[in-house]
2 protein chains.
Amino acid sequence: MNTRQEVLDFVHNGHQHYLPHLSIDCVIFGYHAHQLKILLIRHHGHEKWSLPGGYIARNETLTQSAHRILAEKTQLSNLFLQQFYVFGDSATRMNRIETHDTHNTTYAKVGVALGENHWLSERTLSIGYYALVDYLNVVVTPDLLVDAYCWQEVTDVPALDFDHNEIVQKALMTLRAQLYQQPIGYNLLAEKFTLPEIHALYEAILGRQFDRRNFRKKLLTLGLIRQLEERRKIGPHRSPYLYEFDPENYQKALEEGAVLAQ
Amino acid sequence: MNTRQEVLDFVHNGHQHYLPHLSIDCVIFGYHAHQLKILLIRHHGHEKWSLPGGYIARNETLTQSAHRILAEKTQLSNLFLQQFYVFGDSATRMNRIETHDTHNTTYAKVGVALGENHWLSERTLSIGYYALVDYLNVVVTPDLLVDAYCWQEVTDVPALDFDHNEIVQKALMTLRAQLYQQPIGYNLLAEKFTLPEIHALYEAILGRQFDRRNFRKKLLTLGLIRQLEERRKIGPHRSPYLYEFDPENYQKALEEGAVLAQ
DNA sequence: ACAAAAGTGTTCGCGATACACCCATGT
DNA sequence: ACATGGGTGTATCGCGAACACTTTTGT
């Protein structure tokens, strides 16, 4: 939201366009240079960071909402995006006054105060989605509400607003559980990638190490990746071969599940 | 809801006690006599069956709501109850007129008509929960809204109201995936059970067969169950031994996951 | 020459699977 | 005696895990 008018409209008429009592929070996992990070934003006037999120428009399906919110924050579309849980238990989700104050701080910046019964201050459950992106592709633009953003290592997430730490934990658990069952990587790697790259990706997400030889054997046996003739010439030393995903087997593994690593 | 007054209060004032735009639908799996069934209800004036469900009270946590709704329908508490997905994509969840009519039919019976903008007629996303029960313990009492109930084999579910067939499918998929990772049975079997009983339970849920000897070996190796001295004297022929779950190992397997069967 | 990165094959052990006969009981 | 249901052990195979040396290239 870039103009004061937009914010005012959202605050005063948002309940006509969006469903109240429900929000979507996105845990956006970005991978780069052997590190798994998540995208955090900070609202004006807040000390703590929080997850990017938004509301469900009345004329959108839930899935469309999640993709729109993600695209608004990252400028990326067609991403791997997965619903993983609804959060409605914690104290902040029971609408304690703390939540009301937190929201008020955000909008005070543009000179808007939320009344006691304002739709943004009512009890709101949040549907958690997680996405996988290559974080070099993400363009985040601060606006009237969002003061700053940062990429934070998943092993080193600070205390977040609301119950967002809980959401991050659950997202990470789900991502890891999923990775053991299904292939992930299509959205996190270039079309052609090297074995060390995908190997490091898996180690970063799962937070553990895999034997290089066994790892390659596994992916090749499952037919998930194909070795190409080309090699990549990067830096010194021996150049690694390039690989690509086999779309057919990749899709099949997504649908049927396949044990990828133990 | 047993009195007309209760129904009227719910229809007219429900939005003050419950969160609008959100509901909970429960897929209640019941097991008995080698069959996995689900509990369906039928509202007055409806042809199709549907899943039991309810709304989230403003002063309850989401988890409390789910347990309350389940208890209202089955008279059972402390059950294994698991959130598995939010449904917000299908045509009926986009609030087509069909949904409005369907609801109206329900309340017409008690002489109530819902206006166009009634809270019960607005677009409502549904949070799916599934539960596991021994269906002999379930006491379902029809009331002013619920005309009838039945237990239906999961392999033979008729066309249901709204998007409830989709919800059942997703619940079953989740239950099966979960069963491969975690022990299930505590809520579905008596405290002491025989090996053939738990064996048949797994076969019914997963829809496939297991070798008796390997199955027993697996559960014993994992320490999930303990063999007792006693035997059960049932019917003719040799009496089977009784087993019980080892609470400590069972709990550990729930938390950490354990591969149970392949 | 040496250091750093990447390529490659074999062995071992456990766990999953497959499989068949005996025992007890009731008719 | 026979039919039914339940109990039990062993052999095989495949997959996952562990493991080390060679090749290339830049300095």
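Below, chains carry the letters A, B, ... as their sequence lines are ordered, and counting in each starts from 1.
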Open item on the list: Given A:Y243, which partner from the list A:R226, A:E197, A:K192, A:R216 fulfils the side-chain hydrogen bond (donor to acceptor under 3.5 Å, both in side chains) test?
Closed with: A:R216
Task: A:Y130 versus A:Q178, side-chain donor and acceptor atoms under 3.5 Å - done: yes
TODO: Check the side chains of B:D161 and B:H46 for a donor-acceptor pair under 3.5 angstrom, ignoring hydrogens and angles.
DONE: yes
Open item on the list: Can a donor-acceptor pair be found, under 3.5 Å and without considering hydrogens, that links the side chain of B:Q227 to the backbone of B:Y241?
Closed with: no
Mind calculating the distance between [atom1] ([X]) and [atom2] ([N]) to the nearest angstrom?
X: B:K218; N: C:dT17; atom1: NZ; atom2: P; result: 8 Å
X: A:K233; N: D:dT24; atom1: NZ; atom2: P; result: 13 Å
X: B:F215; N: C:dA18; atom1: CZ; atom2: P; result: 16 Å
X: B:L222; N: C:dA16; atom1: CG; atom2: C1'; result: 13 Å
X: B:H34; N: D:dG5; atom1: NE2; atom2: P; result: 10 Å
X: A:Y180; N: D:dG16; atom1: OH; atom2: C1'; result: 13 Å
X: A:Q209; N: D:dA17; atom1: CD; atom2: P; result: 14 Å

- [ ] Side-chain contact test, heavy atoms from C-beta onward, threshold under 4.5 Å: evaluate it for A:F162 versus A:F87 and give yes or no.
- [x] no
- [ ] Heavy atoms only: give me the nearest B:V146-B:H43 pair and the separation to one decimal.
- [x] CG2-CD2, 4.3 Å
Open item on the list: Return a single string for nucleotides 4-11 of chain C, one symbol per nucleotide in 5' to 3' order, where B is base contact, S is sugar-phosphate-only contact and - is none, cutoff 4.0 angstrom on heavy atoms.
Closed with: BBBBBBB-
Open item on the list: Is the ring pair B:F245/B:Y250 parallel, tilted or perpendicular, if the boundaries are 30 and 60 degrees?
Closed with: perpendicular
Open item on the list: Tell me the bend of the helix from C:dA1-D:dT27 to C:dT27-D:dA1 as the angle between end helix axes, each from five pairs, rounded to the nearest 10 degrees.
Closed with: 10°
Open item on the list: I'd like to know whether CZ of A:F80 has more than 12 heavy-atom contacts from other residues, nucleotides or ligands below 6.0 angstrom.
Closed with: yes
